[in-house]
Amino acid sequence: MTLNTFTCHCIGDTLDGLRDGLSHFSGPSRAAMVFAMEADSPMFIFDPQNLLSGHEPRLKELYVDNQEWRTRPSIHRGSLKYSHIIPEKNLQMTGLISYGGRSGSVCFQMWFTEHHPDMCSIGPTERWLEHAAWRFSHDMASESTFYTGISGSFLREYATHAVRDDVVDRMNVLLGWDTRLRIYPILDAILELSRTREEGAWPRGDLVFVEPQALAHIPFLAYFSPSEQPTMGNIKHVRKLLAAVEGSNLKLVSDGRCVAGIAVDRLPDFSITADFRGGHGFLNVVDDRVCSFADGCYQSTTRRANLVHLEEALLESDLDPETGNSVLKIIAALVHQAEDQKHGATLVLDLNPSPVIISGQCFDRPLDLREPAILDLAKSLFKVDGALHIGADMHLHGFACLLDGRAIAGENRARGARYNSALRFTAEHADIIVVVVSSDRPVSIIQAGVEVSAACQWKPMSCRIVEPIRLDQWVARNGE
């Protein structure tokens, strides 16, 4: 069986839009899908950027060796073919997020994308994949005569909708369907507040949204007169009130339409909290973090350094696992402090039995970073120009250290002296890992003159130049 041109066009357009949208939401992302148009037709795969490479055994087990997916109750074409989809949930495959469904127009489909390690939650991404499945089913049901061609464009701009869909799903589980909270206006107000300065300062503090009926059960420290409650549409007024809860455990409370007052604790079982932290913030539903927001848009990132490459380097070193884990925690504490205070810094992790000599400010004896007071001191010294020098013994051997070395290939003038000095220094010294924290860039892990944490930028390519192939042929070819 071969696929017609219209089906291939829809798949390519939808996957292009999905990939572009997810790349803005979560960083460079790939996407792929497996699908069968009819219960008796072969399963196809569309993976233009090799996202599913390495997962051949699992896909073979699910869809080639096992034909159970063909025998599940199908939805017949008819009045339900435009809107009804029976969901197929996340397959829980390593490093992937997946979601799909069955409908009257597409017998089976499963969409995939990357599970980035720094995601607040996979919920919005799952809703994104779910909507991609719905759009593809709708396009196949409409057929070429009524094809609108907007699926790809809509999926590119789906970030706020994905966050809204995830929040609504969580809300319906906790409150049921009968709720008066309207999520879109709340999400719009949060973004507007995040962009609004007061006397030059970005907003900080918690703004909590609760069900209107729940207001009567909140022990307000200050409850505003109903006639004086500012509406959420009055962004400047709400921004001024937010300054009253900055730097405290106080919370500004709203019912989604107006700001009702200021409270401390004993909030209802369901609440949506916008945690403003200056230039960025986080959206939480009850105690679960859904996403972050910055620059007028929602993103999946935790806005914390991804130290997985450092963890891997420590696992490959001669350190025992317990010591390696302790070293990782110390470095993570220092890096996160620099991120929070938005200053650049450099940290030299010296895994040599006897630490190398580095020009800088030394102590009469190394300081044990396992002691909380010494770790706090190191956080302060991290702000000083130059690098911290930390040994495998978890002691601080010096600060304000200068890293030198001869020029090497692979230097990047756009990254500045801190980054390039780390490249040169690690190229000339074995068993040295340098962590470079930039005030405006991701954290870099550098070893042996190479940035091991460098992200692989996938080449942009149109999905329309690649066609789906049969899954059994793909498994046989890739499994060789």
Side-chain angles (χ1 to χ4, degrees), residues 305-321 323-339 343-369 378-379 381-457:
N306 176 14
L307 299 178
V308 65
H309 297 93
L310 175 61
E311 183 178 9
E312 291 173 352
L314 291 173
L315 289 173
E316 295 172 358
S317 71
D318 294 332
L319 297 180
D320 63 85
T323 301
N325 186 55
S326 298
V327 169
L328 180 64
K329 288 181 178 179
I330 290 171
I331 293 177
L334 292 167
V335 169
H336 294 332
Q337 173 81 1
E339 286 183 308
H343 65 78
T346 303
L347 184 153
V348 176
L349 176 58
D350 192 339
L351 301 180
N352 291 284
S354 297
V356 300
I357 304 300
I358 307 178
S359 175
Q361 186 74 47
C362 298
F363 310 102
D364 63 338
R365 57 179 174 81
L367 306 179
D368 191 346
L369 290 168
K379 290 178 181 178
L381 296 177
F382 209 23
K383 302 175 186 177
V384 180
D385 283 347
L388 291 187
H389 184 194
I390 297 175
D393 56 359
M394 292 177 282
H395 283 62
L396 180 63
H397 292 265
F399 71 99
C401 298
L402 302 179
L403 307 184
D404 55 10
R406 289 165 292 187
I408 63 171
E411 293 182 10
N412 186 348
R413 295 289 183 88
R415 296 299 304 270
R418 185 181 289 119
Y419 177 88
N420 289 295
S421 295
L423 290 177
R424 295 183 179 189
F425 188 79
T426 57
E428 296 191 1
H429 295 84
D431 294 325
I432 293 286
I433 301 173
V434 176
V435 181
V436 177
V437 183
S438 177
S439 61
D440 59 353
R441 284 180 179 269
V443 172
S444 301
I445 312 298
I446 299 173
Q447 188 176 26
V450 177
E451 182 184 352
V452 297
S453 59
C456 178
Q457 300 293 330

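Inter-residue side-chain proximity for L328 and L310 is flagged as met; some heavy-atom pair is nearer than 4.5 Å. The side-chain heavy atoms of R406 and E428, taken from C-beta on, include a pair separated by under 4.5 Å. Between I446 and V450 there is no side-chain heavy-atom pair separated by less than 4.5 Å. Using a 4.5 Å heavy-atom cutoff, the side chains of I432 and V434 are in contact. With contacts defined as side-chain heavy-atom distances shorter than 4.5 Å, the pair L347/L334 qualifies. At least one side-chain heavy atom of T323 sits under 4.5 Å from a side-chain heavy atom of M394. R365 places none of its side-chain heavy atoms less than 4.5 Å from the side chain of H395. Under the 4.5 Å side-chain criterion, counting only non-hydrogen atoms from C-beta, D431 is not in contact with V356.
Although no hydrogens or angles enter the test, the distance criterion places no donor-acceptor pair under 3.5 Å between the side chain of D350 and the main chain of A392. Side chain of T426 to main chain of L423: a donor-acceptor pair is present (N/O by atom type, distance under 3.5 Å, no hydrogens or angles). Under a 3.5 Å cut-off, the side chain of T346 and the backbone N or O of G386 do not form any donor-acceptor pair. Checking side-chain atoms of N420 against main-chain N and O of N412 turns up a donor-acceptor pair under 3.5 Å. Between the H309 side chain and the L307 main chain, no donor and acceptor come within less than 3.5 Å of each other.
The only option from L388, L403, I390, I433 that meets the side chain to side chain contact (heavy atoms under 4.5 Å, CB included) definition with V348 turns out to be L403.
Here the closest non-hydrogen pair linking H397 and P355 is CE1-CG, 3.6 Å. Nearest approach of V335 to A305, heavy atoms of both residues: CG1-CB, 3.8 Å. Closest approach of G324 to L314, counting heavy atoms only: O-CD1, 3.6 Å. Taking each heavy atom of L351 and S317 in turn, the nearest pair found is CD1-CB, 3.8 Å. Across A338 and V437, no two heavy atoms sit closer than the pair CB-CG1, 4.0 Å.
Applying the 6.0 Å contact sphere to CG of N352 captures more than 12 heavy atoms from other residues, nucleotides or ligands. Heavy-atom contacts from other residues, nucleotides or ligands closer than 6.0 Å to CD1 of I408 number more than 12.
Residues E339 and H336 have side chains that bring a donor and an acceptor to within less than 3.5 angstrom of each other. If you check the side chains of S444 and E451, you find a donor sitting under 3.5 Å from an acceptor.
Expressed to the nearest 0.5 Å, how far CD1 of I331 lies from OG of S326 amounts to 11.0 Å. One distance of note links CG of L396 with CG of L381; it measures 6.5 Å at 0.5 Å rounding.
Using the six-membered ring where Trp is involved, F382 and H343 have ring planes that are perpendicular, over 60° apart on the 30 and 60° scheme. Under the 30°/60° scheme for interplanar angles, the aromatic rings of F425 and H429 are found to lie parallel.
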